[in-house]
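The structure appears right after this line, and notes come after that.
The first residue in the sequence is number 1, and the count goes up from there.
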Amino acid sequence: MRNIQVRPVRDLRNHYPQLETMLNNHDPIIITKNGRGSAVLLNIDDFSDYEEYMHVKYVAEKLKEAEAEAGSPDAEWSGRETVISSLREKYHGL
């Protein structure tokens, strides 16, 4: 289980090996400056997982929007050739 750690910014300089051990154990670290949250440190694998999650979430939201738009009685449909042509024009010859 992950344990969120809260550490002052000075620990980055003075106690980095301890912070690195926490990160290796997949514990996120909230860095504070003057008692307020300033940054979050994550293990690089956890960061990669987070980025993938955010991408999947973004794609799912866009698909939901597209499904809603496609279901609208006012939806305009284009043929395959029109879509490919407009994409080539927009993205310069893909």
Between [atom1] on residue [X] and [atom2] on residue [Y], distance to nearest 0.5 Å:
X	Y	atom1	atom2	answer
Arg80	Ile84	CZ	CD1	3.5 Å
Gln5	Ile29	CD	CD1	6.5 Å
Leu42	Glu51	CG	CD	10.0 Å

Linking I/L/V/M/F/W/Y whenever any side-chain heavy atoms sit under 4.5 Å apart, do [X] and [Y] land together?
X	Y	result
Leu23	Ile31	yes
Phe47	Ile30	yes
Val40	Tyr50	no

Grab the two heavy atoms, one from [X] and one from [Y], that are nearest each other, plus how far apart they are.
X	Y	result
Asn43	Asn24	ND2-CA, 4.0 Å
Glu69	Ala75	O-CB, 3.4 Å
Val83	Ser86	O-OG, 2.9 Å

**Message:** Please list all pairs meeting salt bridge (Lys or Arg N to Asp or Glu O under 4.0 Å) that have one or both residues in residues 3-22, counting only residues at least two apart or in different chains.
**Reply:**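 Non-adjacent pairs meeting salt bridge (Lys or Arg N to Asp or Glu O under 4.0 Å): Arg7-Asp11.
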Counting N and O atoms only, with roles assigned by atom type, does the side chain of [X] sit under 3.5 Å from a partner on the main chain of [Y], one being a donor and the other an acceptor?
X	Y	value
Ser48	Ile44	no
Asp27	Asn3	yes
Thr21	Pro17	yes

**Prompt:** Do Glu65 and Lys62 sit within salt-bridge range, that is, some charged N less than 4.0 Å from a carboxylate O?
**Reply:**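 The answer is yes: the pair qualifies as a salt bridge.
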**Prompt:** Rest of the hydrophobic cluster containing Tyr58 (Ile/Leu/Val/Met/Phe/Trp/Tyr, side-chain heavy atoms under 4.5 Å)?
**Reply:**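 For the cluster that includes Tyr58, the remaining residues are Val59, Leu63.
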